[in-house]
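Read the numbers this way: they start at 1 and go in the same order the structure lists the ligands and their atoms.
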Amino acid sequence: MRRFLIAGNWKMNTTRQSAVGLAGELAAVAAGTEAGVEILVAPPYPYLIPVAEKLNGSAVQLGAQDVYFEAPGAFTGEVAVEMLADCGCGYVILGHSERRHVMGETDEIVNRKTRAAISGGLRVVLCVGELLSERQAGQTEEVLDRQMQGGLAGVSETDAVELVIAYEPVWAIGTGVTATPEQAESAHEHLRNWLATRYTPAFSQKVRILYGGSVKADNAESLLSQTNVDGALVGGASLKSSTFVPIIEAARKLRTTV
Ligand code: PEP
């Protein structure tokens with residue numbers, strides 16, 4: 001059985017004080033987490049080090065929200081893979097819809113970042129997902145295929161051993177509209193089949209596919225109950241332990257009742 005991953009993407013939110021406070025609360029919660037549930041937080045870059053210090057010794061994993069693909073050098077404003085590793089990050093979120101649709105990242109850029117992160121030893125959470133117009137036009141699977149193909153070009157099965165995919169329909173991110181469990185399962189099953197064809201069926205069964213898009217305490221259990229949903233990437237509800245912890249609890253309950 002795949003281990004759930006419940007990941008909090010803090011985006012451009014929190015202060016140093018609130019970030020460290022939230023990390024401390026989650027570290028305490030994680031102490032009681034079953035082996036079947038992994039917790040990850042991705043704070044803004046400036047708070048990685050104080051959050052890492054707070055999480056030190058806890059079961060909560062640290063990740064970044066992006067990275068640049070070049071080695072350290074003359075790239076003003078960018079952050080290199082080895083810098084994230086040096087700050088204690090084990091994960092990096094790549095291809096988030098805000099990076100793609102606000103910052104204009106292409107599949108090629110996402111791919112360069114993915115390959116750089118993997119070769120630098122970071123575990124990648126690769127985000128894919130369709131726009132509302134694409135879903136309405138019946139293009140969801142075509143969009144997912146294109147983003148998977150582009151993002152994972154040149155990434156071998158050995159390279160992808162720690163890969164995590166996040167299916168995040170853009171129309172569900174930060175909108176309060178959530179994909180139904182059936183819509184999520186259909187997209188996740190499609191993504192797993194894509195992985196089976198591109199790599200191997202055995203490999204596809206090992207990859208965790210998270211759902212993201214307005215996950216909250218009241219919808220987490222029904223989404224996480226789906227066969228191919230292996231966790232959640234949570235934005236807004238990850239900013240307070242009072243809203244994030246119930247999502248962790250939903251995952252914990254499902255892993256202890258099966
Ligand atoms: C996200 O940022 O990846 C996300 C899913 O946000 P929210 O949970 O707020 O929809």
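- Classified by interplanar angle (parallel below 30°, tilted 30° to 60°, perpendicular above 60°), the ring pair Phe75/Tyr68 is tilted.
- Contact shell of ligand 1 (protein heavy atoms, cutoff 4.0 Å): Asn9, Lys11, His96, Glu168, Ala172, Ile173, Gly174, Gly212, Gly213, Ser214, Leu233, Val234, Gly235, Gly236.
- Closest non-hydrogen pair, Gly129 versus Gln147, comes out as N-OE1, 2.7 Å.
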Indicate every side-chain donor-acceptor pair of residues 113-125 with a distance under 3.5 Å to a residue at least two apart or in another chain.
residue : atom : partner : partner atom : Å
Lys113  : NZ   : Asp66   : OD1          : 2.9
Lys113  : NZ   : Asp66   : OD2          : 3.1
Lys113  : NZ   : Val67   : O            : 3.4
Lys113  : NZ   : Glu105  : OE2          : 2.5
Thr114  : OG1  : Val110  : O            : 2.7
Arg115  : NE   : Asn111  : OD1          : 2.9
Arg115  : NH2  : Asn111  : OD1          : 3.1
Ser119  : OG   : Arg115  : O            : 3.0
Ser119  : OG   : Ala116  : O            : 3.3
Arg123  : NH1  : Tyr91   : OH           : 3.4

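- Checking side-chain atoms of Gln183 against main-chain N and O of Thr180 turns up a donor-acceptor pair under 3.5 Å.
- Taking the six-membered ring where the residue is Trp, Tyr199 and Trp194 present perpendicular rings, their angle passing 60° and hence far from 30°.
- Cation-pi check for Arg255 over Phe4 is met; the charged atom lies under 6.0 angstrom from the ring centroid and within 45 degrees of its normal.
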